[in-house]
Amino acid sequence: MKRDLTVLSVFGTRPEAIKMAPLVKCLERTAGIKSVVCVTAQHRQMLDSVMEQFDITPDYDLNLMHAGQTLTTITTGVLEGLDKVLNQVKPDVTLVHGDTTTSTAAALASFYHQVAVGHVEAGLRSYDKYSPFPEEMNRVLTSRMATLHFAPTEKSRENLQREGITEGVYVVGNTVIDALHQMVHDAYVFRSEALKTLPLQDGRWIVMTAHRRENLGTPLEHICRAVKRLVEDTPDVHVVYPVHPNPAVRTTVEKILGGVDRVHLIDPLEVEDMHNLIKRCFMVMTDSGGLQEEAPALGKPIVVLRTETERPEVVEAGLAMLAGVEEEQVYQAGMRLLTDKELYHRMAHAVNPYGDGHTSEKIAAILLQYKESLPEND
């Protein structure tokens, strides 16, 4: 009789936690799999809120976040911390997610231990190694080390195929849809006191996020000025912007949007609040990768505040428009959705390419198949 397959799931940021949480919960209840969780806490507070909401207690916590951390310190911290965890757990598979420094370093540590890596959300590409930075190279490097590639879409599979990666590739959808199905409902009551005070029933609401490294400085200034113009030129529009704690983000945002009528700058939201807020909004303006997947599942058009996207499926499916980061481009993209009812309706009702909410179950089934390929161990 074969032993259980030991699966070590490693993640460290809030976006990773949102997408890995439903998979971790699925693995916990899957017969034949022993699930072990290690968090790196690349993001501490925002990670913990997701873990609490999904009722996940990590088996190992590297607790890496500290003031002034850099990509180098995160990488070395993960390598050193996971070296000890891998020696203790001796997993059959390490699962990593997406494109974070945690994921790439965890894949490298596992490679050093000759442990198979399963890459969740594999195959995304922008084909510009410096945009998004460092995410694009994190994806590429992780793909080279992975044995199992869980691609969210057929396009992601094609990206891997172009790089010569054809074995162990599975198109499974995106686990974020699993998470949304668990968290969004009509009777939801916001936890955030800031959200409770907003008149969300009045006018049209734009949910905005912008914080990527490549947008810091001048691009973020352009974005904020464009949003200010949209609000000033459209009297029924409100903007709610959960502002990232990074001082480089907050300083710019508060300088341009602070005190602007009908622009509400609030602290970052817990994941359930954020998803339910999107459900109640008119549209989303974001440079986030995850929101490009989440908003379409909730029927909300997106203005992507970037010059490229590694999720071209949403643009090609008519769910999002790529606005760039120049003030006039962002303004015009936002205004089109606010004034063109036919365009808005078409985007709000396009078909989401990211799956049916059963991605975690598909990955668990593939892992059980992988288990059968391993040598007998009584």
Side-chain angles (χ1 to χ4, degrees), residues 1-11 16-17 19-40 54-60 78 82-98 102-123 142-154 156-157 160-161 164-179 182 355-378:
M1 181 177 178
K2 284 194 173 183
R3 60 177 174 78
D4 287 351
L5 184 79
T6 300
V7 179
L8 174 65
S9 299
V10 183
F11 49 95
E16 287 175 295
K19 294 181 176 183
M20 288 295 281
L23 178 54
V24 167
K25 301 303 286 187
C26 181
L27 296 178
E28 287 176 353
R29 61 178 182 266
T30 300
I33 290 178
K34 177 185 177 183
S35 176
V36 182
V37 175
C38 175
V39 296
T40 67
F54 280 92
D55 191 26
I56 296 173
T57 302
D59 301 283
Y60 297 89
V78 173
L82 267 186
D83 189 59
K84 300 171 185 175
V85 173
L86 289 163
N87 280 326
Q88 291 182 25
V89 176
K90 301 188 185 312
D92 299 296
V93 178
T94 298
L95 291 181
V96 300
H97 183 279
T102 280
S103 294
T104 303
L108 182 57
S110 299
F111 170 73
Y112 286 161
H113 283 256
Q114 297 187 42
V115 172
V117 172
H119 189 194
V120 182
E121 198 178 89
T142 302
S143 291
R144 303 315 306 182
M145 293 181 282
T147 298
L148 301 171
H149 308 262
F150 301 112
T153 67
E154 181 63 26
S156 300
R157 185 197 65 77
L160 292 168
Q161 185 177 39
I165 300 172
T166 57
E167 297 294 322
V169 180
Y170 304 88
V171 179
V172 294
N174 197 301
T175 54
V176 75
I177 310 301
D178 303 20
Q182 296 177 36
D356 56 6
H358 295 284
T359 296
S360 297
E361 297 165 26
K362 294 173 185 175
I363 292 174
I366 293 165
L367 289 170
L368 289 175
Q369 291 175 9
Y370 178 75
K371 173 188 171 187
E372 295 304 312
S373 71
L374 299 178
E376 294 285 346
N377 189 341
D378 295 331

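Please read these numbers as outputs of a predicted model, since none were measured by experiment. Atom set for the values below is all heavy atoms of this structure, side chains included, hydrogens, waters and symmetry mates excluded.
Considering all non-hydrogen atoms of both residues, Val96 and Ser103 come closest at CG1-O, 3.7 Å. Contact between Thr94 and Ser110 at its shortest, heavy atoms only, is OG1-OG, 3.0 Å. Residue Ser156 comes nearest to Ala122 through the heavy atom pair CB-O, 3.4 Å, listed as atom of the first residue, atom of the second, then distance. The two residues Leu108 and Met145 make their nearest non-hydrogen contact at CA-SD, 3.5 Å.
Side chains of Leu86 and Leu8 form a contact here, defined as non-hydrogen atoms less than 4.5 Å apart. Between Leu82 and Cys38, some side-chain heavy-atom pair lies under the 4.5 Å cut-off. Inter-residue side-chain proximity for Lys371 and Leu367 is flagged as unmet; no heavy-atom pair is nearer than 4.5 Å. Side-chain contact between Phe54 and Gln182 is present, with heavy atoms from C-beta onward closer than 4.5 Å. Inter-residue side-chain proximity for Ile33 and Asp4 is flagged as unmet; no heavy-atom pair is nearer than 4.5 Å. Contact annotation: the side chain of Leu95 never approaches that of Phe11 to less than 4.5 Å [non-hydrogen atoms, C-beta and beyond]. Contact check for His113 versus Asn87: side-chain heavy atoms found under the 4.5 Å cut-off. You'll find the side chain of Val117 stays beyond 4.5 Å of the side chain of Val93, heavy atoms only.
Using a cutoff of 4.0 Å between basic side-chain nitrogens and carboxylate oxygens, Arg3 and Asp92 are scored as salt-bridged. With respect to Lys362 and Asp356, a salt bridge is recorded, a charged nitrogen being found less than 4.0 Å from a carboxylate O.
Separation of atoms CD (Gln369) and CG (Leu5) is listed at 12.0 Å; rounding is to 0.5 Å. Annotation: the span from Leu27 atom CG to Ser9 atom OG amounts to 5.5 Å, rounded to 0.5 Å. Between the CZ atom in Arg144 and the CZ atom in Phe111 there is a gap of 11.5 Å [rounded to 0.5 Å]. Atom-to-atom distance recorded for Asp178:CG and His358:NE2 is 8.0 Å, nearest 0.5 angstrom. Atom NE2 of His97 sits about 9.0 Å away from atom CG of Leu23, to the nearest 0.5 Å. For the atom pair OG of Ser360 and CD1 of Ile177, the computed distance is 11.0 Å after rounding to the nearest 0.5 Å.
Between Leu160 and the choices Glu167, His149, His119, the side chain to side chain contact (heavy atoms under 4.5 Å, CB included) rule is met once, by His149. Paired with Glu121 under the rule side-chain hydrogen bond (donor to acceptor under 3.5 Å, both in side chains), one option of Thr142, Asn174, Thr175, Thr359 passes, and it is Asn174.
Residue Gln114 qualifies as open at atom CD: its count of foreign heavy atoms under 6.0 Å is 12 or below. Applying the 6.0 Å contact sphere to OH of Tyr60 captures more than 12 heavy atoms from other residues, nucleotides or ligands.
Every pair tested for side-chain hydrogen bond (donor to acceptor under 3.5 Å, both in side chains) that includes a residue from residues 29-39 fails, sequence neighbours excluded, so the list is empty.
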Could you walk me through whether Glu28 and Val24 pass side chain to side chain contact (heavy atoms under 4.5 Å, CB included), step by step? CA-CA 6 Å; Glu28 287 176 353; Val24 167; 3.8 Å; yes

Stepwise side chain to side chain contact (heavy atoms under 4.5 Å, CB included) check, Thr6 with Lys90: CA-CA 8 Å; Thr6 300; Lys90 301 188 185 312; over 6 Å; no

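No side-chain N or O of Thr102 forms a donor-acceptor pair with one of Glu16 less than 3.5 Å apart.
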